[in-house]
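Before any comments, here is the structure.
Since this is a predicted model, take the numbers as computed values, not measurements. Just so we're on the same page: letters track the sequence lines, and every chain starts at 1.
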Amino acid sequence: MALDLHKIEEKWQAYWEKNRIYKFDRKSKKPVYSIDTPPPTVSGTMHMGHAFAFTQQDFIARYKKMAGFEVFHPFGFDNNGLATALMVEKKRGIKQKNFSRKEFIKIVLKETAEEEKKMRKAFESIGLSIDWSLLYRTIDRPARRIAQYSFLELFKQGRLYQREAPTMWCPSCATAIAQAELHDREEESSFCYIEFETTDGEKISIATTRPELMPACVAIHVHPEDKRYKKFVGKEVKIPFSNGRTVKVFENRDVDPEFGTGAVYHCTFGDLDDVAWILETNLPVIEIINKDGTFNEKAGILKGLRTEEARKKIIEELKKSGHLVKEEPIKHVVNVHERCKTPIEILTSKQWFVRYLDLRDEFIAKAAELEWVPKYMKKRLDNWINGLKWDWNISRQRYYGVPFPVWYCRKCGEVVLADEKQLPVDPLKDKPKKKCKCGSREFIGEKDALDTWFTSSLTPQINCKWLEDKAFFKKMFPMDLRPQGHDIIALWAFNTIVKGLFHQRKLPWKTITINGWTLDPKGKKMSKSLGNVIRPEEMVEKYCADALRYWAGLPVLGEDIPFMEKEMVAGKKFITKILNASRFVEIVTKGVKLGKINSKGLEPEDRAILSKLNRLIKESTEAFDRYEFSKGLNSVRNFFWLEFADFYIEEVKTRVYNKKDKGRKIAAAVLQEVLWNCLLMLSPFLPHTTEEVAQTRFRKRLKGKSIHLEQWPMADEKMIDEKAEELGEIINAVIAEMRKKKTAAKKPLNAVVKRAVVTVTDLQKFKLAEPTIKRTMAVQAIEARKGEEVSVKLEF
RNA sequence: GGGCCCGUGGUCUAGUGGUAUGACGAUGCCCUUACAAGGCAUAGGCCGCCGGUUCGAUUCCGGCCGGGCCCACCA
């Protein structure tokens, strides 16, 4: 039978949406289970990592729904901030600086609306149990309002300050960025040995990868125990091309005497160490780079150039003047902006910060109260918090994003906050409600936008309608689950915890699950530059959504998984198997008055399969409760295929084919019972396939409109019977031996056996197993003998 | 450099203090009244390496090697 799995899947997706199967009913009396879903950046494409993570999250959502919870499973789009703006700039080939603020925002909103449609379709195509009526966007009014309210509240708590400070700056995006937005990149560069002269004519060499920062040099550092440089300490050194400016030589224990020449020149600001040294030494700041990345007049001969050009130029000039004594190639790591990969510079500018370094210990202690799945992921957060060096810079010099609810008084410079009631505000359009303390009514609106994470860190508050619906918020906050990737533990998880603690004095959720990464088939990270990206839509197209979901259910939560197309094959085979086995069960049970499973008349194979089924239900439920869904999928799959389809179905065929067989009604009942429970346990993984079978073949079993509204099965402990399973194993072992012999004799498996000689270890038990074996393998007569191990001889 | 994770037949994986689960692939047989986009069967692994604990380790401990991720970083 040719099955069009795509048609089946589309049919049920439309049905679910039409019948609002995944609707969250806030009036329900069931306990709520809420999920703080990760809002993907609107880019128009769903990548494999999305498909993987959302599917894993969906397993949990579907399980919880069946387990009796009213599941709150929303979806969010992150269309706020820098990532979104950069995506649009790239797509359109534009830069924000060439547009007015208004125009630029308009373009971004239009583009993201289009991209969002494509993305939603992609996410729908993998069969997620999302209630789309709960959709939120990180730039929509409620999100803006909450983000601004968060700002006001933090201000009142004394957690916000504004400061002119050295800040990591992206010259390409022309904005300050946060520590968490840094990435490293290894770069080939040259290590320049530059010879300086002291005022009394002695020579000292330093080595640097940033010769272009020389005009900003404010000191030279040497290690206090470095004998070579002892005599230089305290002396003045002449800076080339600087009209005779000199800097002092300092002792500094941070210097590594082994590296370079053992002498370091100190610039404002080459790297984070320079910043620390500036703070320690009270040296002057010479800022030579403008916000747009060009060098200013303080850079002298480098004025107007950008970093790369300036480097070339200064090397050239130093060569000419004889200051450059050596140049060697070096590989070193530079900090780049993760969004645009431009090496960062450190500049001073006025920025808003959230003061939180003082609370590091509290954050670590509180985060320990969360349930982390897997547990070890918490260490990553601890590492991050322990390594924090900066308060959280939340200012971004961008047009697009949530504005600061802040004005500055034109007359006295006082910071004036928006009134809670007027949120969300745009300080460039709106005005404060009151006049300034100084009496002035003239204000300048803050032009910067809030860091994207300032808003994203409020997704629990957004989901729970913090400001819009107090009763709802009280009922819903904190949420139950935050599922997310390990790459953004330091960003999203951390900042969300921070906000929860600041605003509600509570952790924002009870549990955090961390999903792994999707890697390419060789175990490498998928990336556009490596050209190894596999798109989920291609796989859905080639196989089907349930096959993709099958793959997502294989690894343990938190583990990275290489994308293996063979698992799609395996998934599709499994789906076909389910559909075929279900067809069989329907055919042979149709019109049969089902027997009662608790009654007498259960054959050994019935008892064995029912015992195994109930044990499986128990194990599968426990696995799900521990978020070990891969165990659930694996064990149900193996049971369904290797026990139920391979053995049980074969063992009862003669019973169900023969209308007069007295075991027929029982076998029919057991077939349905086992299949139905397997379908229920597989429905979180294969929602389309199981719905198809339930709706087309087992309508009568369905209590509601969908298998996804059914109750998760309960194990009947009384049915678990080790002795029955033991006997079942004997039956299966003998059948397996007979299959081998038939295969070896090149006979079909239904070939009639006139006589079989079977050696078994326990003759008494075998007596009980014999009838099942005879009918399953078409054996007319069996002679049983006692022996050390099971063996079989067949006569045809 | 620091932290975390991983290393099981050709490939990917389950698992456990008593030599091992399944898949994909390979090979052979079989049109068997669910299924040939199938069924059944077969081959294939000193469970990364070296030590230690133990009667016994793939499983526990230590070290090493290899891979991955995060963080820091030499100017």
Side-chain angles (χ1 to χ4, degrees), chain A residues 1-3 5 179-180 182 184 191-192 206-210 213 220-221 252 254-267 270-274 277 330 332-335 374 376-384 386-389 485-490 516-517 519 521-525 550-551 554-556 558-588 630-631 634-635 637-638 641-642 645-646 649-650 653 656-657 735-736 738-751 778:
Chain A
M1 181 172 60
L3 291 164
L5 298 177
Q179 188 179 343
L182 291 183
D184 331 330
F191 203 30
C192 299
I206 62 102
T208 182
T209 54
R210 301 288 312 264
L213 294 180
I220 286 179
H221 295 273
N252 189 325
D254 293 339
V255 175
D256 176 2
E258 303 295 316
F259 193 81
T261 66
V264 186
Y265 86 155
H266 174 191
C267 306
D271 60 30
L272 302 180
D273 274 343
D274 291 341
W277 290 351
I330 188 175
H332 74 144
V333 175
V334 294
N335 283 318
Y376 59 77
M377 289 295 182
K378 193 205 166 242
K379 289 232 161 146
R380 296 208 182 182
L381 185 72
D382 294 349
N383 265 351
W384 169 259
N386 284 324
L388 268 180
K389 286 185 182 163
H486 51 57
D487 52 328
I488 48 174
I489 290 175
W517 272 106
L519 307 171
K522 285 175 194 151
K524 300 272 174 219
K525 206 166 163 175
Y550 174 83
W551 160 77
L554 292 173
V556 172
E559 302 262 296
D560 294 342
I561 184 173
F563 183 81
M564 288 279 141
E565 199 166 336
K566 71 183 181 67
E567 300 300 351
M568 303 285 115
V569 177
K572 197 171 171 184
K573 281 185 180 178
F574 184 38
I575 290 160
T576 308
K577 190 77 182 175
I578 293 168
L579 294 174
N580 282 321
S582 305
R583 185 159 69 131
F584 168 80
V585 173
E586 192 203 13
I587 290 168
V588 299
S630 67
K631 243 180 219 168
N634 245 310
S635 52
R637 195 206 95 99
N638 286 349
W641 203 319
L642 306 175
D646 284 355
I649 284 184
E650 296 303 324
K653 269 184 179 170
V656 291
Y657 285 150
I735 288 174
M738 288 185 171
R739 282 174 173 167
K740 273 185 216 174
K741 290 284 155 30
K742 283 190 176 179
T743 301
K746 304 192 179 184
K747 297 275 185 188
L749 291 175
N750 64 349

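- The nearest whole Å value for the distance from the NZ atom in A/K378 to the P atom in B/G3 is 16 Å.
- Checking B/U11, B/C29, B/C6 against the side-chain heavy atoms of A/K566 singles out B/U11 as nearest.
- Residue contacts shown for A/K573 are limited to sugar-phosphate atoms, with no base heavy atom under 4.0 Å away.
- With B/G39, B/C30, B/U11 as the choices, the nucleotide that has an atom nearest any side-chain atom of A/L749 turns out to be B/G39.
- Closest approach to the A/E567 side chain among B/A23, B/U11, B/C4 is made by B/A23 (side chain taken as heavy atoms from C-beta onward).
- Taking CD1 of A/I489 as the start and NZ of A/K379 as the end, the distance is 13.0 Å to the nearest 0.5 Å.
- Using a 4.0 Å heavy-atom distance criterion, A/V556 is classed as a sugar-phosphate-only contact.
- Look at the C1' atom in both B/G1 and B/G52: the space between them is 29 Å, to the nearest Å.
- Two residues are said to be in side-chain contact when any heavy atoms from C-beta on lie closer than 4.5 Å; A/L5 and A/L579 meet this criterion.
- Geometrically, A/K653 engages A/F584 in a cation-pi contact, judged by NZ or CZ lying under 6.0 Å from the ring centre and within 45° of the ring axis.
- Distance CG (A/N634) to P (B/C24): 12 Å, rounded to an integer number of Å.
- Using a 4.0 Å heavy-atom cutoff across all strands shown, A/A570 reaches sugar-phosphate atoms only and no base atom.
- Nucleotides B/U19 and B/G25, compared at atom C1', are 25 Å apart to the nearest Å.
- Note on A/I561: nothing from the nucleic acid sits closer than 4.0 angstrom, heavy atoms only.
- Using atom C1' as the reference point in both B/C49 and B/G7, the two lie 11 Å apart (nearest Å).
- Between A/K740 and B/U42 there is a side-chain polar atom (N or O) within less than 4.0 angstrom of OP1 or OP2.
- At the heavy-atom level, A/K631 lies under 4.0 Å from the strands shown only through sugar-phosphate atoms.
- Considering OG1 of A/T576 and NZ of A/K573, their distance stands at 9.5 Å, rounded to 0.5 Å.
- In this structure, A/R380 places its CZ atom 14 Å from P of B/G68, rounding to the nearest Å.
- Atom CD1 of A/I206 is separated from atom NE2 of A/H266 by 12.5 Å, given to the nearest 0.5 angstrom.
- The same atom, P, is picked in B/U42 and in B/U21; the two are 13 Å apart, to the nearest Å.
- Taking atom CG on A/L388 and atom C1' on B/A72, their separation rounds to 13 Å, with Å as the unit.
- In this structure, A/K572 places its NZ atom 15 Å from P of B/A36, rounding to the nearest Å.
- Between A/W641 and B/G39, a side-chain N or O to OP1/OP2 separation shorter than 4.0 Å is present.
- Atom name C1', nucleotides B/U58 and B/G2: the rounded distance is 30 Å, in whole Å.
- On the C1' atoms, B/C60 is 25 Å away from B/G68, given to the nearest whole Å.
- The residue A/N638 sits close only to the backbone: its heavy atoms come under 4.0 Å of sugar-phosphate atoms, none of a base.
- Counting to the nearest Å, the C1' atom of B/C69 and the NZ atom of A/K379 are 16 Å from each other.
- When heavy atoms are screened at a 4.0 angstrom cut-off, A/D382 is found touching no nucleic acid atom at all.
- Using a 4.0 Å heavy-atom distance criterion, A/R739 is classed as a sugar-phosphate-only contact.
- Contacts of A/A744 with the nucleic acid, taken as non-hydrogen atoms under 4.0 Å apart, are absent.
- A donor-acceptor contact shorter than 3.5 Å is absent between the side chain of A/K747 and the backbone of A/K742.
- At a threshold of 4.0 angstrom between heavy atoms, the contacts of A/E650 include nucleobase atoms, whether or not backbone atoms are also involved.
- Here the nucleotide nearest the side chain of A/T576, chosen from B/G2, B/C40, B/A37, is B/A37.
- Between A/Y550 and A/F574, the angle of the ring planes lies from 30° to 60°, which puts this pair in the tilted group.
- Atom NE2 in A/H486 sits roughly 10 Å away from atom C1' in B/C4 (whole-Å rounding).
- Remark on RNA chain B: of its neighbouring residues A/P748 and A/R637, the 5'-side contact belongs to A/R637, judged by nearest-heavy-atom nucleotide.
- Counting any heavy atom pair closer than 4.0 Å across all strands shown, A/A207 reaches a base atom.
- Distance from the side chain of A/T743 is smallest for B/C40 among the nucleotides B/C35, B/C40, B/U11.
- Looking at A/I561 and A/W551, their side chains come closer than 4.5 Å, going by heavy atoms from C-beta outward.
- Nucleotides B/C65 and B/C24 place their C1' atoms 29 Å apart, quoted to the nearest Å.
- Of all nucleotides listed (B/C40, B/G22, B/U32), B/C40 comes nearest to the side chain of A/D646.
- For the C1' atoms, the distance from B/A20 to B/U53 is 23 Å, rounded to whole Å.
- If you check B/A23, B/C35, B/C74 against the side chain of A/L642, the one that comes closest is B/A23.
- The phosphate of B/G39 (OP1 or OP2) has a side-chain N or O of A/K577 nearer than 4.0 angstrom.
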